[in-house]
Amino acid sequence: MEQKDILIDIKNLRKVYKLGHEKVVALDDINLSIRRGEICCILGTSGSGKSTLLNMMAGLEKPSRGQILIGGKDIVKFGEQRLALFRQKNVGFVFQSYNLMGSSTALENVAMPLMFRGMDKDQRERIAHQVLREVGLGNRAGHRPTQMSGGQQQRVGIARAFVSRPKIVFADEPTGNLDSKTTIEVMELMVNKSRENNQTLILVTHDNEIAEYADRIVTLVDGRIISDVNNVSKARTRQEIEQEALAAAKAETAAAPGGQDGILPEDRAEEGRTTDE
């Protein structure tokens with residue numbers, strides 16, 4: 001891996017929590033480099049350290065020791081104000097529980113990161129509308145979270161994470177509350193958005209099926225990396241999804257009474273009799 005391609009470079013990372021008189025090692029000497037535009041999955045069971053590692057990379061927690069270089073800058077050395085600015089400019093989040101503002105519309109939720117960047121209302125709402133259309137929710141812009149399904153709420157969450165084109169999007173168990181069909185839709189949506197914008201997507205999950213959407217799977221056990229393998233993502237491209245939907249629609253039309261010309265069998269027979277006469 002060439003140095004110029006590396007966006008996140010983690011060196012000798014260790015995190016120890018003190019619980020009374022005991023010490024719990026959450027991360028133990030983690031070394032990991034992640035490329036710009038890479039879709040990387042951190043895979044592990046509960047207690048493996050995967051969420052702690054995500055929090056470290058996002059600047060939400062400080063390690064006990066080690067470096068986290070993002071774009072060549074060690075964020076471990078940043079103060080709280082600089083970290084907040086770093087996240088605002090470089091990071092998007094997709095949460096398992098959606099974390100939408102309940103009193104705000106889909107449009108207002110998606111536009112929020114742009115507001116924090118100082119963008120005027122007309123411009124941020126125009127951009128937010130566009131991203132909502134891209135995730136298939138252009139007609140839900142005025143709906144509040146309680147008026148949407150779980151899948152729709154997560155699509156709003158994805159739109160919010162990607163709206164400001166951050167360099168990195170962190171997704172922590174993003175499909176944990178979704179059914180299997182919606183899970184596929186959400187995962188392919190995130191993968192395609194990342195690819196189209198050359199953004200680094202870091203998935204954190206316990207689910208091997210979700211891991212298969214990544215380009216690379218890093219497995220943690222007891223705070224240590226035990227496996228780091230490349231993977232061929234099973235996510236379909238946006239074009240493949242559209243082509244399959246079109247083929248399915250054509251097949252459904254052909255299977256309907258009357259086939260593609262819309263003429264029912266009894267009408268066709270009547271038509272034939274008229275011609276014979």
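Only this structure's heavy atoms are used, side chains among them; waters, hydrogens and symmetry mates stay out.
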Just wondering, are more than 12 heavy atoms of other shown residues or ligands nearer than 6.0 Å to [atom1] in [X]?
{"X": "Arg165", "atom1": "CZ", "result": "no"}
{"X": "Asp207", "atom1": "CG", "result": "yes"}
{"X": "Lys167", "atom1": "NZ", "result": "no"}

Please report the closest heavy-atom contact between [X] and [Y], naming both atoms and the distance.
{"X": "Ile75", "Y": "Leu83", "result": "O-CD2, 3.8 Å"}
{"X": "Pro113", "Y": "Val110", "result": "CD-O, 3.2 Å"}
{"X": "Ala111", "Y": "Arg124", "result": "O-CD, 3.8 Å"}
{"X": "Thr205", "Y": "Cys41", "result": "CG2-SG, 3.5 Å"}
{"X": "Val218", "Y": "Asp228", "result": "CG2-OD1, 3.6 Å"}
{"X": "Gln147", "Y": "His143", "result": "OE1-CA, 3.4 Å"}

Checklist entry - Can you tell which of Glu209, Glu188, Glu212 makes a side-chain hydrogen bond (donor to acceptor under 3.5 Å, both in side chains) with Lys234? => result Glu209
Give, for atom [atom1] of [X] and atom [atom2] of [Y], the distance between the pair rounded to the nearest 0.5 Å.
{"X": "Arg144", "Y": "Met101", "atom1": "CZ", "atom2": "CE", "result": "11.5 Å"}
{"X": "Ser97", "Y": "Glu173", "atom1": "OG", "atom2": "CD", "result": "11.5 Å"}
{"X": "Ile34", "Y": "Ile8", "atom1": "CD1", "atom2": "CD1", "result": "4.5 Å"}
{"X": "Thr175", "Y": "Met190", "atom1": "OG1", "atom2": "CE", "result": "7.0 Å"}
{"X": "Leu53", "Y": "Phe170", "atom1": "CG", "atom2": "CZ", "result": "8.5 Å"}
{"X": "Leu27", "Y": "Ile30", "atom1": "CG", "atom2": "CD1", "result": "5.5 Å"}

Checklist entry - Can you check side-chain contact (heavy atoms from CB on, under 4.5 Å) on Arg238 and Glu242, steps first, answer last? => result CA-CA 6 Å; Arg238 195 183 296 275; Glu242 290 171 354; 3.9 Å; yes
Evaluate the side-chain proximity of [Y] to [X]: yes if any heavy-atom separation is below 4.5 Å, no if none is.
{"X": "Asn90", "Y": "Pro166", "result": "no"}
{"X": "Ser46", "Y": "His206", "result": "no"}
{"X": "Gln67", "Y": "Leu13", "result": "no"}
{"X": "Glu125", "Y": "Lys121", "result": "yes"}
{"X": "Thr200", "Y": "Ile202", "result": "yes"}
{"X": "Asp5", "Y": "Arg36", "result": "no"}
{"X": "Pro174", "Y": "Gln154", "result": "yes"}

Item to check | Test side-chain contact (heavy atoms from CB on, under 4.5 Å) applied to Phe95 - qualifying residues, sequence neighbours left out | outcome: Phe93, Asn99, Arg160
Checklist entry - Got a sec, which residues hit side-chain contact (heavy atoms from CB on, under 4.5 Å) with Gln243, two or more places apart in sequence or on another chain? => result Gln239
Checklist entry - With a 3.5 Å cut-off and no angle check, do the side chains of Asp179 and Thr182 form a donor-acceptor pair? => result yes
Checklist entry - Do Gln152 and Arg155 get their side chains close enough for a donor-acceptor pair, meaning under 3.5 Å? => result no
Checklist entry - Knowing that exactly one of Asn192, Leu189, Ile184 qualifies, which makes a side chain to side chain contact (heavy atoms under 4.5 Å, CB included) with Ile241? => result Asn192
With no hydrogens and no angle check, is any side-chain donor or acceptor of [X] less than 3.5 Å from a backbone partner on [Y]?
{"X": "Asp120", "Y": "Asp122", "answer": "yes"}
{"X": "Asn31", "Y": "Asn12", "answer": "yes"}
{"X": "Ser194", "Y": "Ile39", "answer": "no"}
{"X": "Gln88", "Y": "Leu85", "answer": "no"}
{"X": "Ser48", "Y": "Val221", "answer": "no"}

Item to check | Test side-chain contact (heavy atoms from CB on, under 4.5 Å) applied to Met112 and Glu108, step by step | outcome: CA-CA 6 Å; Met112 195 169 297; Glu108 291 165 342; 5.9 Å; no
Next on the checklist: Under the criterion side-chain contact (heavy atoms from CB on, under 4.5 Å), I'd like the reasoning laid out for Ile70 against Phe86: C-alpha separation, chi angles, the key distance, then a yes or no.
Outcome noted: CA-CA 10 Å; Ile70 298 183; Phe86 159 79; 3.5 Å; yes
Next on the checklist: Salt bridge or not between Asp215 and Arg195? Use side-chain N to carboxylate O under 4.0 Å.
Outcome noted: yes
Item to check | Hydrophobic cluster of Ile217, others only, ordered by chain and residue number, side-chain cut-off 4.5 Å | outcome: Leu43, Val229
Item to check | Under 4.5 Å side-chain linkage, directly or through intermediates, the cluster mates of Val25 | outcome: Val16
Identify whether [X] and [Y] are in the same connected component of the hydrophobic contact network (ILVMFWY, side-chain heavy atoms under 4.5 Å).
{"X": "Val169", "Y": "Ile42", "answer": "no"}
{"X": "Val91", "Y": "Val163", "answer": "no"}
{"X": "Met187", "Y": "Val94", "answer": "yes"}
{"X": "Val76", "Y": "Leu54", "answer": "yes"}
{"X": "Leu7", "Y": "Val191", "answer": "no"}

Next on the checklist: With side-chain contact (heavy atoms from CB on, under 4.5 Å) as the criterion, how do Ile225 and Thr219 come out once you've worked through the C-alpha distance, each side chain's angles and the decisive distance to 0.1 Å?
Outcome noted: CA-CA 6 Å; Ile225 295 175; Thr219 305; over 6 Å; no
Checklist entry - Which pairs with one or both residues in residues 68-78 pass side chain to side chain donor-acceptor pair (under 3.5 Å), sequence neighbours excluded? => result none
Next on the checklist: Distance to the ring centre below 6.0 angstrom and angle to the axis at most 45 degrees; does that hold for Lys15 and Tyr17?
Outcome noted: yes
Next on the checklist: salt bridge (charged side-chain N to carboxylate O under 4.0 Å, His left out), that's the test. Do Asp28 and Arg224 meet it? Break it down for me.
Outcome noted: CA-CA 6 Å; Asp28 191 7; Arg224 292 189 174 191; 2.8 Å; yes
Checklist entry - Listed by chain and number, what are the salt bridge (charged side-chain N to carboxylate O under 4.0 Å, His left out) partners of Glu61, not counting sequence neighbours? => result none
Next on the checklist: Determine whether Glu185 and Lys181 satisfy the following criterion, salt bridge (charged side-chain N to carboxylate O under 4.0 Å, His left out), listing intermediate values before the conclusion.
Outcome noted: CA-CA 7 Å; Glu185 293 172 354; Lys181 179 178 181 294; 2.7 Å; yes
